[in-house]
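The shown structure was predicted, so the numbers you read here are calculated from the model rather than taken from an experiment. In each ligand, atom 1 is the first atom listed, and ligand 1 is the first ligand listed.
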Amino acid sequence: MQGNAARIPVNDRQTSEPWRVGILFSRTGFMSVIEETQLRGTLIAIDEINDDGGINGRPVETVIYDPGSDVRSYGQYAKRLMVEDGVSTIFGCYTSSSRKAVLPVVERLDGLLWYPTLYEGFEFSPNVIYSGATPNQNSVQLCKMLMERFGSRFYFVGSEYIYPRESNRVMRELVRSSGGTVVGERYLRLEADRSEFTPIIRDIKRVQPDVIFSTVVGESTTFLYQAYHDLGLNPKSVPIASLTTTEAEIRAMGFDVGEGHYTAASYFQNVETEKNGNFVDRYHQRYGDDEPTNMCLEASYFQVKLFARTLEETNSLETKLLRNSVMGAEFDAPQGCVSINPLWGHADVWTRIGKANRQGQFDIVFQSPAAVKADPYLVGYGRCMENF
Ligand code: ACM
């Protein structure tokens with residue numbers, strides 16, 4: 001080995017070699033309804049960066065795997081990216097179970113996962129940047145609005161994995177601390193088909209809650225809302241409220257089926273900022289006017305832009321350098337100005353609540369005045385969370 005060459009730090013080298021990054025979103029299987037859009041958000045950002053000349057003159061090159069909605073495959077592909085493809089930065093994952101499968105890989109091999117999905121909170125890793133909302137940025141406000149408008153008897157229905165169980169744990173505490181009750185709680189397998197939702201909707205008709213809180217994800221979301229519609233329930237009296245039903249799932253289920261139901265999200269296509277108008281135009285030019293944007297796509301987009309800004313400074317993909325440098329970084333995203341909270345490595349994002357309309361879009365019925373600080377351990381909500 002040339003002794004001198006070995007001592008030159010990577011970030012001082014003059015090179016036009018691409019920056020290689022990994023991408024893990026499912027284009028197939030029951031999670032593709034939303035993860036395909038996260039892939040698109042990631043690629044649009046990367047193409048924009050490369051069209052502008054790359055980062056410090058070097059293009060971004062992607063290694064993309066499709067885990068096929070299989071949780072174990074996320075962990076296996078993460079390992080392959082890091083060990084065989086020489087990648088340390090990974091953009092990916094929707095479900096919390098897939099994130100939990102990647103976590104030990106990036107922690108052991110010192111990678112950095114950029115995770116663009118709302119989740120249940122109560123996690124911290126020096127090897128993850130979390131750019132989706134935590135419960136204090138969506139559930140708290142949603143619970144308040146639902147209790148004020150519809151009543152205090154909640155029925156929970158979710159997919160069977162960690163995010164719905166933990167998200168419901170938080171929602172139950174919020175409901176109870178405001179004097180409400182949870183009158184039913186049901187979970188279905190992630191791959192549940194349409195027929196499995198019919199007994200649940202029958203049970204909901206029998207129990208007569210004021211609100212249904214759904215933590216169903218992926219393709220099954222469509223079946224929940226369709227079963228509700230088929231059995232003649234009315235969103236004006238007992239709406240479904242969710243943190244995961246975006247414009248993508250509404251499009252899949254049918255606009256008439258989704259109309260009148262509520263979602264809390266940091267971003268909707270209908271957000272009225274100049275930045276968002278341009279973003280939606282660019283998205284439509286590339287994928288067609290019928291393809292809506294959504295919160296998970298937008299987070300996938302802005303986190304790559306934040307990554308690029310950070311890499312411009314570090315000129316190195318080394319995890320520690322990137323992570324330290326991105327703390328406190330701000331970006332004028334389509335949802336509004338967002339930043340990475342240095343305390344937790346989670347994004348400070350906006351809180352919004354939307355009501356789905358007949359055009360498959362959300363009419364925004366609540367919006368925070370600015371981005372809300374990430375509080376993944378709900379430390380600012382100590383009294384109402386005292387039963388934890
Ligand atoms: C989720 O599983 N974090 C939606």
Side-chain angles (χ1 to χ4, degrees), residues 24-26 29-39 41-42 67-75 78 90-103 106 113-125 128-140 142 156-171 187-192 213-222 224-225 240-250 252 262-268 294-300 303 344-347 349 351 374-378:
L24 284 183
F25 291 114
S26 288
F30 53 84
M31 291 313 304
S32 59
V33 62
I34 189 70
E35 293 196 37
E36 172 79 34
T37 73
Q38 292 183 296
L39 175 64
T42 305
S69 304
D70 171 53
V71 167
R72 276 187 320 168
S73 295
Y74 287 85
I90 301 173
F91 303 102
C93 301
Y94 175 90
T95 64
S96 290
S97 39
S98 63
R99 184 190 72 254
K100 297 268 187 203
V102 169
L103 207 56
V106 289
L113 172 68
W114 297 69
Y115 177 59
T117 311
L118 71 126
Y119 86 109
E120 63 280 1
F122 296 87
E123 187 180 287
F124 169 83
S125 169
V128 182
I129 301 297
Y130 303 80
S131 60
T134 58
N136 80 295
Q137 294 162 315
N138 50 23
S139 302
V140 169
L142 182 63
F156 292 170
V157 51
S159 303
E160 184 54 284
Y161 75 104
I162 183 170
Y163 157 73
R165 290 271 177 190
E166 288 296 300
S167 184
N168 282 339
R169 186 172 68 98
V170 172
M171 188 56 103
Y187 295 90
L188 293 98
R189 60 197 182 100
L190 272 158
E191 307 85 338
F213 179 54
S214 165
T215 46
V216 174
V217 301
E219 195 183 13
S220 313
T221 310
T222 303
L224 168 69
Y225 287 69
I240 302 175
S242 165
L243 311 173
T244 46
T245 303
T246 74
E247 292 86 341
E249 288 84 0
I250 297 278
Y262 290 86
T263 294
S266 46
Y267 168 89
F268 293 108
N294 67 68
M295 63 166 139
C296 299
L297 181 161
E298 191 253 3
S300 303
Q303 69 170 12
W344 302 110
H346 288 59
V349 294
T351 298
D375 184 2
Y377 290 91
L378 290 168

Take the angle between the ring planes of Tyr161 and Tyr163 and call it parallel below 30°, perpendicular above 60°, tilted in between. tilted
Tell me, which protein residue and heavy-atom name are nearest atom 2 (O) of ligand 1, and how many Å apart are they? Tyr161 OH, 2.6 Å
Checking side-chain polar atoms at under 3.5 Å, does Glu219 have a donor or acceptor matched by the opposite partner on Thr222? no
What about Val217: any of its N or O atoms under 3.5 Å from an N or O on ligand 1? no
Under 4.0 Å from any heavy atom of Leu118, which atoms of ligand 1 are there? 1 (C), 3 (N), 4 (C)
No-hydrogen, no-angle side-chain donor-acceptor test under 3.5 Å, Thr221 and Glu249: no
Does any part of the side chain of Leu103, heavy atoms only, come nearer than 4.5 Å to the side chain of Leu113, both counted from C-beta? no
Could you go through His346 and Tyr119, starting from their C-alpha distance and side-chain angles, then the distance that decides it, and tell me whether this counts as ring pair (Phe, Tyr, Trp, His ring centres under 6.0 Å)? CA-CA 11 Å; His346 288 59; Tyr119 86 109; 5.7 Å; yes
Do any N/O atoms on Thr244 end up under 3.5 angstrom from N/O atoms on ligand 1? no
Could you tell me whether Thr95 and ligand 1 have an N or O pair separated by under 3.5 Å? no
Please check whether Arg99 reaches ligand 1 - meaning an N/O of the residue sits under 3.5 Å from an N/O of the ligand, judged on distance alone. no
Between Tyr119 and ligand 1, which residue portion shows a heavy-atom distance shorter than 4.0 Å: side chain, backbone, both, or neither? both
For the pair Tyr130 and Trp344, evaluate ring pair (Phe, Tyr, Trp, His ring centres under 6.0 Å) and give the outcome as yes or no after the intermediate values. CA-CA 9 Å; Tyr130 303 80; Trp344 302 110; over 10 Å; no
So is Tyr130 touching ligand 1 or not, going by heavy atoms under 4.0 Å? no
